[in-house]
Amino acid sequence: MADAELCERVRAGDPRAFHVLWERHVAMARQCAVGCTRGSAADAEDAVSDAMLGLLQALRGGRGPVGNVPAYLRVSVRRAAARSAARRRRELPVAELPDLPSSDSGCRATAHFDAACAREAFLGLSEQRRIAVRLFAIEEKGAGQIGERLGIASPAASSLVYRAKEALRAGYLRHHVNPANAECADVMDRVVASLRGRSVRRHTDSVSSHLRRCATCREAGGQLREVNAGLPGRVG
């Protein structure tokens with residue numbers, strides 16, 4: 001069956017047609033991704049997953065390639081690899097942010113509060129991510145089974161689960177603080193990003209300056225560091 005016909009079948013809602021497209025072109029996509037990511041296996045797999053997921057979403061939305069799937073995927077892989085490289089250039093290790101003093105007040109969240117934070121973080125995820133987390137953590141499904149339930153390939157499902165779990169952990173941390181104003185909320189978001197290894201270099205000085213003059217945020221930062229130390233045990 002030609003790619004053009006397979007694409008039309010995916011647009012019509014046939015998940016098996018996309019599986020055929022995946023099997024037919026994934027080796028080419030991986031080869032392209034390895035070249036674009038300078039041999040990084042993890043980055044290459046992420047780029048392939050992003051490209052394949054983008055292809056599936058485009059076809060389901062009535063868009064995407066008419067027949068030249070390899071060319072479409074090569075462009076998508078290059079773009080995904082470029083985004084990954086740009087993101088890595090902006091990242092800082094957590095240790096490069098100033099230490100946030102932990103609170104000795106004993107005001108740690110109770111088990112009930114922890115459960116409430118986890119629930120709010122879960123509800124804040126997109127529907128697709130909620131389904132992925134539920135299938136993985138509660139029903140103990142593997143990437144292949146999750147992919148079948150969601151109509152995506154196994155590598156894309158694996159990437160989706162990883163990102164969903166990370167978004168859940170970040171949301172869980174954010175719900176442990178109640179910033180006083182918009183500036184404090186912005187700083188706490190960046191502290192959470194730092195704790196999860198997603199800090200951005202250009203924000204380091206402004207975050208450090210705010211923490212030096214805001215005792216409330218310094219205390220909140222210490223609490224977040226303590227809570228983060230308990231992850232992933234608390235959130236999975």
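Numbers here are sequence positions counted from 1.
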Find out if a path of hydrophobic residues (ILVMFWY) with successive side-chain heavy-atom gaps under 4.5 Å connects L56 to V161.
yes
E219 side, atom CD; L211 side, atom CG - distance, nearest 0.5 Å:
12.5 Å
same_hphob_cluster(L160, F122) at 4.5 Å side-chain heavy-atom cutoff:
no
Give the cluster check for V133 versus L53: same hydrophobic cluster or not, with ILVMFWY residues linked at side-chain heavy-atom distances below 4.5 Å.
no
Evaluate R11 against E8 for salt bridge (Lys or Arg N to Asp or Glu O under 4.0 Å), listing each step before the verdict.
CA-CA 5 Å; R11 291 187 181 98; E8 287 304 316; 2.7 Å; yes
Got a donor-acceptor contact below 3.5 angstrom from the R30 side chain to the E45 backbone?
no
Taking all atoms of both residues into account, what is the closest heavy-atom pair of V77 and A51, and its distance?
CG2-CB, 3.6 Å
S206 and R190: which non-hydrogen atoms are nearest, and at how many Å?
OG-NH1, 4.0 Å
Which heavy atom of A170 sits nearest to which heavy atom of V192, and what is that distance?
O-CG1, 3.8 Å
For P65 versus V69, what's the shortest heavy-atom pair and its separation?
CG-CG2, 4.1 Å
S49 side, atom OG; Y162 side, atom OH - distance, nearest 0.5 Å:
13.0 Å
Between atom CZ of R149 and atom CG of L135, what is the distance when rounded to the nearest 0.5 Å?
5.0 Å
Are the side chains of V191 and M188 in contact, using a 4.5 Å heavy-atom criterion?
yes
Taking atom CG of L224 and atom OG of S194, what is their separation to the nearest 0.5 Å?
10.5 Å
Does a sphere of radius 6.0 Å around CZ in R9 hold more than 12 heavy atoms from other residues, nucleotides or ligands, not counting ones at 6.0 Å or beyond?
no
Work out which heavy atom in M28 is nearest to a heavy atom in R74; give both atom names and the distance.
SD-CG, 3.7 Å
Anything under 3.5 Å between a donor and an acceptor, one on a side chain of residues 140-148, the other on a protein residue two or more places apart or in another chain? List them.
| from | atom 1 | to | atom 2 | distance (Å) |
| --- | --- | --- | --- | --- |
| Q145 | OE1 | G142 | N | 3.0 |

Here the gap from L150 atom CG to E127 atom CD, rounded to the nearest 0.5 Å, amounts to 9.5 Å
Side-chain heavy atoms nearer than 4.5 Å, only ILVMFWY residues, links allowed to pass through others: does that put V187 and L173 together?
yes
Give, for atom CD1 of I152 and atom CG of L55, the distance between the pair rounded to the nearest 0.5 Å.
12.5 Å
Where do C214 and E183 land on the side chain to side chain contact (heavy atoms under 4.5 Å, CB included) test, with the steps shown first?
CA-CA 11 Å; C214 181; E183 181 183 1; over 6 Å; no
Run the side-chain donor-acceptor check on residues 15-25: report pairs under 3.5 Å with partners two or more places apart or on a different chain.
| from | atom 1 | to | atom 2 | distance (Å) |
| --- | --- | --- | --- | --- |
| R16 | NE | D14 | OD1 | 3.4 |
| R24 | NH1 | M1 | O | 2.9 |
| R24 | NH1 | D3 | OD1 | 2.6 |
| R24 | NH2 | M1 | O | 2.9 |
| H25 | NE2 | D3 | OD1 | 3.3 |
| H25 | NE2 | D3 | OD2 | 2.8 |

Can you name the nearest heavy-atom pair linking R134 to E139, along with the distance?
NH1-OE2, 2.7 Å
Among L73, V26, V34, find the one that has a side chain to side chain contact (heavy atoms under 4.5 Å, CB included) with V48.
V26
Please assess S76 against M52 for the test side chain to side chain contact (heavy atoms under 4.5 Å, CB included), listing each intermediate value before the final yes or no.
CA-CA 8 Å; S76 297; M52 286 294 189; over 6 Å; no
